[in-house]
J.: 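Have a look at this one.
Remember, it's 1-based here, ligands and their atoms both numbered in the order they're listed. What you see below is based on every heavy atom in this structure, not just the backbone, and it leaves out hydrogens, waters and symmetry mates. Residues take their numbers from the sequence shown, with the count starting at 1. Owing to the predicted nature of the structure, the values given are computational and were not obtained by experimental measurement.
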Amino acid sequence: MQKRISPAGAIGGAIRLPGDKSISHRYGILASIAEGTSKIHNYSSGADCHSTLGCMRALGIDIEVDGKEVVIHGKGPSGLKAPASQLDAGNSGSTIRMLSGILAAQPFVTRIAGDESLSRRPMARIMKPLAEMGAKITAKDDKFPPLEIHGGVLQPIDYSTPVASAQVKSCVLFAGLYANGKTTVREPLRTRDHSEIALREFGADIEAGPRVVSINGPATLQGRELTVPGDLSSAAFFLVAALMSKDADLTISGVGLNPTRSELIDFLCGIGGDIKILDVQSSGGELIGDLRVRSSRIRGGVIEKALTAAMIDEIPVLAVLGAASENGLTVRDASELRIKETDRIATVAENMKRMGVEIEVFDDGFHVPGRQQFQGAEVHSYGDHRIAMAFAVAGLSAVGETVVEEAEAASVSFPEFYDTLRTIAG
Ligand code: S3P
């Protein structure tokens, strides 16, 4: 599917976004192995989070979906059944990596696979700790999906993960729910802590310190009623669209502001963004608030080290903002971008060039000089949701029309994206 994006007038209005992708996955998995019924409000409409629900259903869990309201009839820690066929994680790295932690503890063999993009994403990072805990896992070329997981009794471990990855941390913690004793994960940089918060909400015994978290197993979780905050990573597209446009005044309500994610807001404010945080509340251990964003003179800046890890999903759209900033944007320490749904350094660079914008590429990042004008062009999502949405935003400030090829990729995290864009851009 192609989407035609015309230059926008003033960006404004008030919007509310679908539920956070990261949190929805966690609630979907944990509610399935909890005892009793969980009601999840504002569950993500994205295909990825529905891949997680599809896998849980195939493992014998009864799940009712009515739009964004999801009811999960959990069957307790030993309630999963061997699936009749291979599980399908679709495009979702979170599904395959986090669910593998649960599957490693089951008394049956599971095969889990995904689409072409997922079949190229590295799994050794979860296979190693799960093997140390006692699971036997085989993979294509020893590192790619499909995975064949021979579950069994797990031992607790104290694991220092070499990659800063919340998916790896979550996988080991979820496996730790089934191990007898204390499982500890240490990470090189702080990553999002939604699993720690969700595990605590569902009743697990968790201890968290700076870059270290432990879970005491075995644990029996209890079903809960929870509301998923709006997705800050989805909000990023509209924040950037508003910051870049003239006379913008946009309010985004009910957005997740977990401090391990909201460094994005601090960064944008630090480079000149006019973003106000209003009405902050706590729900299910997560912070939620409204964001008011207005047109701003953006200076540009450098994203590196811990900041890169904290904003890894937002970098494609920040690259777009960088081109419109005064001094440009440099991104370093971002080699993880090369193993996301696409090689996002390459796909950002290719689309920038198509739109007549200069970019210098490094192994671990890029530099986009500032004060550049996007030219309407044909760009491609390459099947990557965040690339589709980032370049639709670039199209709003381009001279002439932009065509996004394979634009439907956005539905992996945000099926309503183009409708919402139309609402705010007129
Ligand atoms: C996620 C963690 C990040 C992020 C992904 C979602 C999560 O991946 O890029 O979109 O929900 O834990 P890594 O764990 O690979 O860094």
J.: Quick check on Lys39: does its NZ atom have over 12 non-hydrogen neighbours (other residues, nucleotides or ligands) under 6.0 Å away?
T.: no
J.: Are any of the heavy atoms in Lys169 under 4.0 Å away from ligand 1?
T.: no
J.: Of the protein's non-hydrogen atoms, which lies at the shortest distance from atom 12 (O) of ligand 1, and what is that distance?
T.: Arg26 NH2, 2.7 Å
J.: Supply the atom-to-atom distance Thr342 OG1 to Arg121 CZ, rounded to the nearest 0.5 angstrom.
T.: 9.0 Å
J.: Under 4.0 Å, heavy atoms only, figure out whether ligand 1 is touched by the backbone of Arg121, its side chain, both or neither.
T.: neither
J.: Identify the closest protein heavy atom to atom 1 (C) of ligand 1: which residue and atom is it, and at what distance?
T.: Gln167 NE2, 3.6 Å
J.: Counting heavy atoms only, which part of His25 comes closer than 4.0 Å to ligand 1: side chain, backbone, both or neither?
T.: neither
J.: Under 4.0 Å from a heavy atom of Arg97: give me the atoms of ligand 1 that qualify, with their elements.
T.: 15 (O)
J.: Would you say ligand 1 has an N or O under 3.5 Å from any N or O of Ser22?
T.: yes
J.: In ligand 1, which numbered atoms sit nearer than 4.0 Å to a non-hydrogen atom of Ile312?
T.: 9 (O)
J.: Atom 14 (O) of ligand 1: which protein heavy atom is closest, and how many Å away?
T.: Ser165 OG, 2.6 Å
J.: Working note: Lys169 + Thr191, criterion side chain to side chain donor-acceptor pair (under 3.5 Å); need CA distance, chi angles, decisive distance, verdict.
T.: CA-CA 9 Å; Lys169 172 175 65 177; Thr191 64; 3.0 Å; yes
J.: Please say whether Val168 places an N or O atom under 3.5 Å from an N or O atom belonging to ligand 1.
T.: no
J.: Under 4.0 Å from ligand 1, counting heavy atoms only, is it the side chain of His194, its backbone, both or neither?
T.: neither
J.: Under 4.0 Å between a Lys/Arg side-chain N and an Asp/Glu carboxylate O for Arg192 and Asp20?
T.: no
J.: If hydrogens are left out, which of Lys340, Glu341, Arg344 has an atom nearest to atom 3 (C) of ligand 1, that is, the closest non-hydrogen atom?
T.: Lys340
J.: For atom CD of Glu225, decide whether the heavy atoms of other residues, nucleotides or ligands shown that lie under 6.0 angstrom number more than 12.
T.: yes
J.: Begin with the C-alpha distance, continue with both residues' side-chain angles, and end with the deciding distance and a verdict on side chain to side chain donor-acceptor pair (under 3.5 Å) for Arg354 and His380.
T.: CA-CA 9 Å; Arg354 288 182 183 211; His380 209 292; over 6 Å; no
J.: Heavy-atom count check: over 12 atoms from other residues, nucleotides or ligands less than 6.0 Å from Asp419 CG?
T.: yes
J.: Provide, to 0.1 Å, the distance between atom 10 (O) of ligand 1 and the closest protein heavy atom, together with that atom's residue and name.
T.: Asp313 OD2, 2.8 Å
J.: Can you tell whether the side chains of Asp384 and Lys340 come within less than 4.0 Å, N to carboxylate O?
T.: no
J.: Answer with side chain, backbone, both or neither: which part of Met98 has a heavy atom less than 4.0 angstrom from an atom of ligand 1?
T.: neither
J.: So which of Ser22, Ser195, Ser94 actually passes side-chain hydrogen bond (donor to acceptor under 3.5 Å, both in side chains) with Gln167?
T.: Ser94
J.: Which word best sums up how the rings of Phe414 and Phe238 line up, parallel for under 30°, tilted for 30 to 60°, or perpendicular for over 60°?
T.: perpendicular
J.: Taking only heavy atoms of Lys21, which atoms of ligand 1 are found under 4.0 Å from at least one of them?
T.: 10 (O)
